[in-house]
Amino acid sequence: MSEELLINISPMESRVAVLDNGILGEIYIERHHKLGLVGNIYLGTVVRVLPGMQAAFVDIGQSRTAFLHVNDMQREPRAVKKATDTAKNQTSAVTESATDDLDVTLPIANTQSTEVIQASKTLIQHRLHESQRILVQVTKDQLGSKGARLTTNVSLPSRYLVYLPSSEHIGISQRIDGEEERTRLKTELTSLMQTVNLKGGLIARTAAERVPVDKLEEDIYYLLQLWRTICARRQEINHHQSSELIYQELALPLRSIRDLVHADTEKVIIDNAQIYEQVRYFAKEFVPFVYDRIVHYTAEQSLFDVHRVEDDLKDALKRRVDLKSGGYLIIDQTEAMTTIDVNTGSFVGGRSLEDTVYKTNLEATHAIARQLRLRNLGGIIILDFIDMLEQQHKDDVLESLQSQLTQDYAKTKITQVSELGLVEMTRKRTRESLGQQLCEPCSTCQGRGFVKTAETVCFEIFREIMRCARTYNSPKKFTVVAHAAVIDLLLTSESDTVADLEYLLGRVITFDVENLYTQEQYDIVLD
C-alpha cells in the first residue's frame, strides 16, 4: 500500500490529508484560532473537587474548566513524604512549599525532585483541594459542552518513543508483531535508560520497529532534555497565580511528520513555502528518511482539488455513502452513539438472496473502516449488517471488518455478529469528529434532521388564535405572520377552517408572508 501526505496551508487553517493508494483515508484539520489542546501540559488550578464523582474540575486557562478523574491520576510514588494528619484535615496534606502542591513526580537525574504529599491512594478528596496547583496534560479536546479531559500521567512523544516520567513501565506497540523484535526493543531500551540514567518509563511506538539503537538513543536524549525543560519551566512559574501553559504540542504540519509518515509514505506534498522549509528542517533532524520525499507544490490549481480531497470531504459529511455494487450505508451520529446501517440498494447480486447479502456486507466492511477513520467517529458504534443465515458468512464478514480495522490508528474493539446482524464496537475518541469540527446544528430544525409540516404548523396557529381569543377580549382582528408555504396552505386547503374559526370567534383573521421566517416560525399579531 502506497501512501501520500498532502499538507494544505491557508491563513485560516492547516489541513493534512492522508491518501491510501490515491484515496482519501484520513483528514486532520487545525484552525489557527482554535488550536487543539491534546498533548499540551499545563500548570492548572483545582477549582472544585467532587468526592461523589471522584473527580475534579481544573482551570487550565480555557473557556471551560477541564475534567480530571481519580483514575487518570498517577499512583502514589514510592518515595512519598507522608502527611502527619491525613484524614482529619485535607489541607494538612499540602506543605507550605508551592512545589509540594504538584501531584506528579519529576523522576529525572540531576533535576530538582518534587515531593508529593498524598493522604490516600484512592480518594481524590485526600489528594486534591481547591486552589491547589497541579501539573496536568490534556488527553481529550473539548467536545461540545464538555471540557477537556486531563491526566497527571504525563507522556511525551518523539518519533520512535513515548516517555512516561511517572511510570517504570517499558512497553512495545501492539502493532509490532514479531516476538524477536519486541524482545530486542525491550532489551535495548532497558539498557539505554540505565546508560543515560533516565528515570521513568518508555513505550516503543510502531515507527520504532527495526530502528537501530543509535536512533533510539537520540530519541531518549531528546525526551530527557524536553522533560528537564518542562520541569524548569514549572519551577519558574510556580508562584504565579494564574494557570499557565507549560508545554505546547507541535503544530499540525510538524506533528503529522512525526506521527503519520512511515516507510510506505512515498511523498509529502506541501503547498506553502514557509511551512515547506519548516517541515524539511524538522524532518532532517527527526525523520531523515522522509527528507527527500518532501515536495513543494507550486501549481495554481489547489492541491486538494487536484487530488479530489475537497469532493471527498463533502461526501464525508453526507448521511448516505454509496457502495460500488449499488448498495449503500446510512450513517447517523448522535450524542450517545453512532449507527451505521447497511442496505443492498440497487444491487441484485447473482445466484441467491443470501449471496447478494453476503457480498454487500463484505463490501460494506471496507467502506465502514474507511468512514470511521475519515469521519473520526468514536465512542459506541452499532453496525447493522443485513441479516445473514449462514454462520460462515457471518464469520467472514467479521474477519473482513477486523482486517480492515488493523489500518486504523485508533484503538477499536468489536463483538461478534448477532442473530440480528448487529455488531457492537467501540473506537477511542480523543478529538471531535469531522462533522463536529465542520458543522453545527441546523438553526431551523435544531439538529433534529426534520421540520414540522406546513399542515402541522397551520393547526398550531389555529390553537394559538383560540388561546389568544380566550385570553384577550379586546382584539378585533388577528394577523398571522408566517412562512409562505404555511400562508398558502391557510388560504387554500385550510380556508374552510379559517372561515369557521372567524365565525366562531366573531373576529377577522388576515395573513402576512414573512420570507425570513422558517416553516416552523409564526407570530399572531393582535389588532
Side-chain angles (χ1 to χ4, degrees), residues 37-107 112-143 145-156 164-168 200-201 227 230-231 233-247:
L37 304 178
V38 173
N40 289 0
I41 298 175
Y42 294 87
L43 183 60
T45 304
V46 178
V47 175
R48 188 180 179 191
V49 179
L50 305 174
M53 295 178 61
Q54 281 301 290
F57 287 109
V58 181
D59 176 20
I60 59 172
Q62 299 298 313
S63 58
R64 298 188 185 92
T65 54
F67 182 82
L68 173 65
H69 192 270
V70 70
N71 291 339
D72 295 319
M73 297 181 67
Q74 68 185 76
R75 294 182 179 179
E76 185 177 14
R78 291 179 178 178
V80 177
K81 181 181 177 183
K82 297 296 182 180
T84 55
D85 187 3
T86 59
K88 294 181 181 179
N89 188 350
Q90 293 180 11
T91 58
S92 66
V94 182
T95 64
E96 294 181 358
S97 171
T99 57
D100 288 338
D101 286 341
L102 181 60
D103 192 10
V104 64
T105 54
L106 307 180
Q112 183 177 356
S113 62
T114 299
E115 295 179 332
V116 183
I117 309 305
Q118 295 178 346
S120 170
K121 294 182 179 180
T122 56
L123 299 180
I124 198 168
Q125 62 267 34
H126 294 162
R127 303 182 66 176
L128 297 178
H129 62 84
E130 291 185 10
S131 302
Q132 181 176 343
R133 310 297 298 283
I134 182 171
L135 194 71
V136 290
Q137 185 173 37
V138 179
T139 59
K140 289 185 180 180
D141 270 322
Q142 297 181 168
L143 296 174
S145 59
K146 299 178 182 178
R149 185 76 180 253
L150 303 176
T151 180
T152 62
N153 295 301
V154 173
S155 62
L156 299 173
L164 309 172
S166 59
S167 172
E168 297 181 355
W227 179 238
I230 291 172
C231 294
R233 172 66 176 155
R234 185 253 179 268
Q235 296 297 333
E236 289 175 3
I237 66 173
N238 188 56
H239 299 291
H240 294 184
Q241 295 301 313
S242 60
S243 300
E244 296 281 350
L245 174 65
I246 301 286
Y247 165 78

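The shortest distance between side-chain heavy atoms of Leu123 and Val70 does not fall below 4.5 Å. Ile41 is listed as a side-chain neighbour of Val154, based on a closest heavy-atom distance under 4.5 Å. A heavy-atom distance below 4.5 Å is not found between the side chains of Lys146 and Lys140. The side-chain heavy atoms of Arg234 and Glu244, taken from C-beta on, include no pair separated by under 4.5 Å. Contact check for Gln62 versus Leu37: side-chain heavy atoms found under the 4.5 Å cut-off. Proximity of Tyr42 to Ile246: side-chain heavy atoms (C-beta onward) are nowhere separated by under 4.5 Å. Using a 4.5 Å heavy-atom cutoff, the side chains of Ile134 and Leu128 are in contact. Using a 4.5 Å cut-off on side-chain heavy atoms (C-beta onward), Gln137 and Leu150 make no contact.
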Exercise. Dump the intermediate steps for side chain to side chain contact (heavy atoms under 4.5 Å, CB included) on Ile60 and Val136, then the final yes or no.
Key: CA-CA 9 Å; Ile60 59 172; Val136 290; 4.1 Å; yes
Quiz item: Between Leu68 and Met73, does a side chain to side chain contact (heavy atoms under 4.5 Å, CB included) hold up when you go through it step by step?
Solution: CA-CA 8 Å; Leu68 173 65; Met73 297 181 67; 4.0 Å; yes
Quiz item: Is there a side chain to side chain contact (heavy atoms under 4.5 Å, CB included) between Val38 and Thr139 once you walk through the steps?
Solution: CA-CA 5 Å; Val38 173; Thr139 59; 6.0 Å; no
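To the nearest 0.5 Å, the span separating CZ on Arg233 from CG on Leu43 amounts to 9.5 Å. One distance of note links CG of Leu135 with OG of Ser166; it measures 10.0 Å at 0.5 Å rounding. Remark: Arg48 CZ to Met53 CE distance equals 9.5 Å, nearest 0.5 Å.
Residues Gln125 and Gln54 approach most closely at OE1-NE2, 2.9 Å, considering heavy atoms.
No option in Leu50, Val46, Asn71, Val49 other than Val49 meets the side-chain contact (heavy atoms from CB on, under 4.5 Å) test with Ile124.
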